Asks: 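Before I ask anything, let me first share the structure, which is written out below as structure tokens.
Since this is a predicted model, take the numbers as computed values, not measurements. Lettering of chains follows the sequences in order, A, B, ..., and the numbering in each one begins at 1.
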Amino acid sequence: MNVESTSVHELEAAIENLEPTVERLGLSDEERVARAKRAFLRKLDGRKAVDLDTCLHCGMCAEACPFYETTQDERYAPVHKYRLLRRVYRRQLSPMRFLYRPFTPDITIDDLREWRHYVFDACTGCARCDMICPMGVNISSLIRIVREGIGAADLMPPRLQRMKDEQQQKNSIVGVDGQRLRQEIAKLNEQGVTVPIDKDGADTMLLTTVTELRMFPSQLGACASILTKAGANWTMYPDAFEAANIGYVAGDTAAMRVATKRIVDKAKEKGIKTVVVGETGHGYQTLRWLGANTVGERLPFDVVSIIEFIQQAQADGRIALKKQDNGASVTYLDPCRLSRKGGLIEQPREILKSMGFDVRETEPTGRENYCCGGGCGEYVLSTGSELRHRVFELKKNQFDDTEADGVVTACASCRFNLHVGADKTNWQMPIKSLVETVAANMAD
Amino acid sequence: MRKDQNLGEYLRSQGVSRRGFLKFCSATASLMALPPSAVAQVAEALAAARRPSVIWLSFQECTGCTESLTRSHSPTVESLIFDAISLDYHHTLQAAAGHGAEAAREAAQEENKGEYILVVDGSIPVDNPAYSTIAGISNLDMLKHSAKDCFAIVAVGTCAAYGGLPGAEPNPTGAVAVSDIITDKPIINVSGCPPIPVVITGVLAHFLTFGTIPELDALGRPTAFFGQNIHDRCYRRPFYERGEFAETFDDEGARKGWCLYKLGCKGPITYNACATVKWNQGMGFPIQAGHGCIACSEPRFWDKGGFYDALSTGDWGSREALLGAAAVGAALGAGSAIRARARKRKAMAEEEA
Amino acid sequence: MENMTLLDFARGPGLQWALWIFCLGVLWRIVGAMYLLGTKDLSKFRRNHYIRDGLRACLTRSTPAEAFEDKIRFQHISGYAWHIALFVSVLFFAPHILFFESIFGFSWPHLPNTIILFSGAVATALLIALLIRRVVHPVQRLISTIDDYISIVVVLLPLITGLAAFAHIGGRYETMLALHLLAVELMLIWYPFSKLMHAFMTFPSRYQSGTFFGHRGVKA
């Protein structure tokens, strides 16, 4: 294992320290409900109306959900998770609202507290349900709105609440700020990896995450090596390096916008052409697919994942990768936000194959792959630990079935979650990062 | 036939054999769904029956019912039975005319108070009674007057039974059925346009045999004759089940005698004895002749859509009306969406604040 | 009209009102939902094949991905069987075709009644089975609304009355035919206000799902 379990506990402890014992005061129950409903209304549009009107309550989505799969608890059925949204839609926006209103109960503060468990602890927004729905309903985006409603009511799990406040106000997450970035970069420099900071005239900007910096700084080092090797004119900015977006995770759109704007503004200010996002799933999603919509304008630069960067560099002949001579096998864990929500399904596999790895697929895989169980903030929630561990067990068995020599992923959160699970179950399969594997196999 | 002769004696004097008579009795008994043991009872009762007095009133009608009864058969047992009643008034058939005829009617009514049978064919105009009068007496008045002392009324034909053709939309004369006017006497509706002759005589036979009103269905028709569905008894039914239909009146299917459902046959909703008793001495009935049933024994058959429109079609209105409804719906939907948008904008604005 | 029978009502004013409400409601619901404020996606699309991706989803969602097949086989097969049986009964029974022809002005070949009877019975049995599943299965029981139950009953009624009229049981033919027509009219009236609208919504929903994921480079 390339991560000491002490650092796992260190991060857990750091998060633990943040947690207040009770919900934050300050809002009346009525106000919370009203805020949640307004958040629902803001996100409901024609698309969502069609989705909500199409759902037949067939319940098939439950069969796609890893949390239902591992618990058989009907409350974790994806369709149930967005029930509050459906009720508000039927009461306030549906064309037939005059008819539905008398038969549709309004949502209450108790509902919001109950659904908090469903949409935070028992949902990572992995969108596997979107793939099964015979009606083509975009279920995960509906559940996402419920998360935002609960976030608007300031009822998100206290840990996430503290973390997103910290990021919004101090531009740091569990104490990881620009200062910490400089420290880690200094350590990398000692190892012979150069990370340019605030370099003038750079056209490429690298983002990393709190998880990489605290747990897997070698991933940052690997990204740096790859960018440099590929001859990119790149840099990092200590006041805009964080790809993680706790506002997104916590369902607070205002905090989310602040975090996204920091990166967008910086990139615009410095005339950046390409933003490369390190190994993170939600960080990629929030910038690549949600970024422009969050700031309300098209982005004047490209957002690419480090996976896409590697592939492009390979294609341009800027980097070459060594073939394995021992025929090592790996299996790939699709991070939900990179694969079925990000469109990067074949790409990481192609990179692994180009290095001569025998890539073994789990069953199911790719678009239908189960998520790690810890995404979208799930992995920091104490209330969700049992649930995500069950999902981990499911994943573990699938990895074991492939009999691969190791599991590779491209998201620090997935990797962290696997480490926590492996730690608990004394699971021995090596857990690897894609960028580290690439960096280690770059030909001179 | 003399009044003191009974029916048996009269028939024998007319050369009807015992065998022929019994044949008629068993046919009548089976028509009335009586057990075989009842044939003897029917024969006995009929043979001993005294000729009942019948007053036949014809109102707004086409004489088709009378034609059916008198001309469809060469002299048969049925027509003799008809001769065997004492038809004291029938302005088409009787020899008398003018005041004499009306006097005969009055006399028959007076003489057979409470015992005579009143047969009515044709509907009664009530919009303006002057639309149809006989000897200056309106149909309405004549019906009320004649019904006063009768034993029972037989409404022959769909006009008398349910208003029929004169009562079809828009019903200019305000034509109504006998049962719409007379409510205190038993009324037997022998519907059909025209009714099957043997059904008329069968009803009379029932009177003669039992002296009672036969069992009637919800529409006042004797169940013995009107209890069966044409479709259920139709010899073309197997083609319906197999889905073999004539598409036009001269296609292969029509020649092969396939089901006429698609050509508008109303057999499935029609209750009559056509498919079993048949017409013209059992030679056939409309469906056998290649034309669909038009439900002539059913109330308001004239207004149940076209005779050639299949039963499963309905009056769905017009395309314009449907498009209009759709346009109204679209407008309501747009209105609803505009209000919903306003709600959403308000929620958006409140977030900024 | 005086002396109007139940059948006359069902074939005339009942049918007209039901169709009016149906047309009005369907348009109301479709326009009302689709004309809601849309949200423009400002992100740079990885793929921009609207029609291809949308239509692909319309097609592919007709069968579940292999990974899911085992878990939803019953619903998958029963769903297909139910719809096929229903459409066979509704669209290929000769009297029904005559009804449609009177509205649309064209017709198509029909099937023998024995096949119709069989498919009608299958459809009825399957719908009852699906109703039972809805009551028994924990997920479906939890997520079901009154709309789900009423819709099943409202669809069952035309089936049951239709079969009864066909088999000449339960009452005189014209009464059963009238009840069948009234049941269909009830369904037409209930239709736009209920989940039955999915017939109009499924393909738009699949299409937009296909384009949503297609923009991100995922064949969904």
Asks: Once rounded to the nearest 0.5 Å, what's the spacing between atom CG of B:Asp309 and atom CG of C:Leu98?
Replies: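 Going from CG on B:Asp309 over to CG on C:Leu98, the span is 10.0 Å.
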Asks: A quick test of your reading: do over 12 heavy atoms of other residues, nucleotides or ligands sit less than 6.0 Å from CZ of B:Arg339?
Replies: no
Asks: Does any backbone or side-chain atom of B:Asp232 lie under 4.5 Å from a heavy atom of chain C? Answer side chain, backbone, both or neither.
Replies: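 Contact with chain C is through the side chain of B:Asp232 alone.
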Asks: Can you say whether C:Phe92 sits under 4.5 Å from chain B via the side chain, the backbone, both, or neither, judging by heavy atoms?
Replies: neither
Asks: Side chain, backbone, both or neither: which part of B:Pro268 has a non-hydrogen atom closer than 4.5 Å to chain C?
Replies: both
Asks: Distance from C:Asn113 atom CG to B:Glu244 atom CD, nearest 0.5 Å?
Replies: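 Atom-to-atom, C:Asn113:CG and B:Glu244:CD are 10.5 Å apart.
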Asks: Has B:Glu241 got a side-chain atom pairing as donor or acceptor with C:Thr114's backbone, closer than 3.5 angstrom?
Replies: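 Absent.
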Asks: Using non-hydrogen atoms and a 4.5 Å limit, figure out which bit of C:Leu117 sits close to chain B: side chain, backbone, both or neither.
Replies: neither
Asks: Heavy-atom count around C:Phe118 CZ within 6.0 Å, excluding the residue itself: above 12?
Replies: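 Open: at most 12 neighbouring heavy atoms sit under 6.0 Å from CZ of C:Phe118.
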Asks: In terms of relative ring orientation, are C:Phe93 and B:Tyr240 parallel, tilted or perpendicular, with 30° and 60° separating the classes?
Replies: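 Because their plane-to-plane angle is over 60°, the rings of C:Phe93 and B:Tyr240 count as perpendicular.
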Asks: Quick one: what part of C:Leu7 sits under 4.5 Å from any heavy atom of chain B, side chain, backbone, both or neither?
Replies: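 Contact with chain B: side chain only.
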Asks: Between B:Lys304 and C:Asp8, does at least one N-O distance fall below 4.0 Å, as a salt bridge requires?
Replies: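 Answer for the salt bridge query: yes.
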Asks: May I ask you to decide if C:Ser102's main-chain N or O and B:Trp316's side chain share a donor-acceptor pair within less than 3.5 Å?
Replies: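 Judged by distance alone, yes, a pair lies under 3.5 Å.
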Asks: What heavy-atom pair brings B:Asp217 and C:Arg172 nearest, and what distance separates the two atoms?
Replies: OD2-NH2, 4.4 Å
Asks: So B:Lys262 and C:His110, do their side chains get closer than 4.5 Å, heavy atoms only?
Replies: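 Answer yes - side chains close enough.
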Asks: Looking at every non-hydrogen atom in both residues, tell me the closest pair between C:Gly32 and B:Ala337 and how far apart they are.
Replies: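 Minimum heavy-atom contact is O-CB, 3.6 Å.
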Asks: Under a 4.5 Å cut-off applied to non-hydrogen side-chain atoms, are B:Thr313 and C:Glu101 in contact?
Replies: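 Not in contact.
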Asks: Looking at CG of C:Leu19 and OG of B:Ser318, how far apart are the two atoms once the value is rounded to the nearest 0.5 Å?
Replies: 11.0 Å
Asks: Which one of C:Ala94, C:Pro95, C:Pro112 has the most heavy-atom pairs closer than 4.5 Å to chain B?
Replies: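 It is C:Pro95.
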Asks: For C:Arg11 and B:Ser312, indicate whether the former's side chain and the latter's backbone hold a donor-acceptor pair under 3.5 Å.
Replies: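 Not a single qualifying donor-acceptor pair exists.
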Asks: Need one label for B:Leu311: side chain, backbone, both or neither, based on atoms under 4.5 Å from any heavy atom in chain C.
Replies: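 For B:Leu311, the contact with chain C is made by backbone and side chain together.
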Asks: Count the heavy atoms belonging to other residues, nucleotides or ligands that lie under 6.0 Å from CZ of B:Arg233, then report whether that count exceeds 12.
Replies: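 12 or below, so no.
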Asks: Please examine the side chains of B:Arg341 and C:Tyr35, heavy atoms only from C-beta on, and report whether any two atoms are closer than 4.5 Å.
Replies: yes
Asks: What part of B:Tyr271 gets closer than 4.5 Å to chain C, counting heavy atoms only: side chain, backbone, both or neither?
Replies: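 B:Tyr271 touches chain C through side-chain heavy atoms alone.
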Asks: Specify which of B:Ser336, B:Ala330, B:Ala334, B:Ala340 makes the most heavy-atom pairs with chain C at under 4.5 Å.
Replies: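 The answer is B:Ala330.
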Asks: Does any part of the side chain of C:Trp20, heavy atoms only, come nearer than 4.5 Å to the side chain of B:Val328, both counted from C-beta?
Replies: no
Asks: Could you check whether atom CD1 of C:Ile51 has more than 12 heavy atoms from other residues, nucleotides or ligands sitting under 6.0 Å from it?
Replies: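 12 or below, so no.
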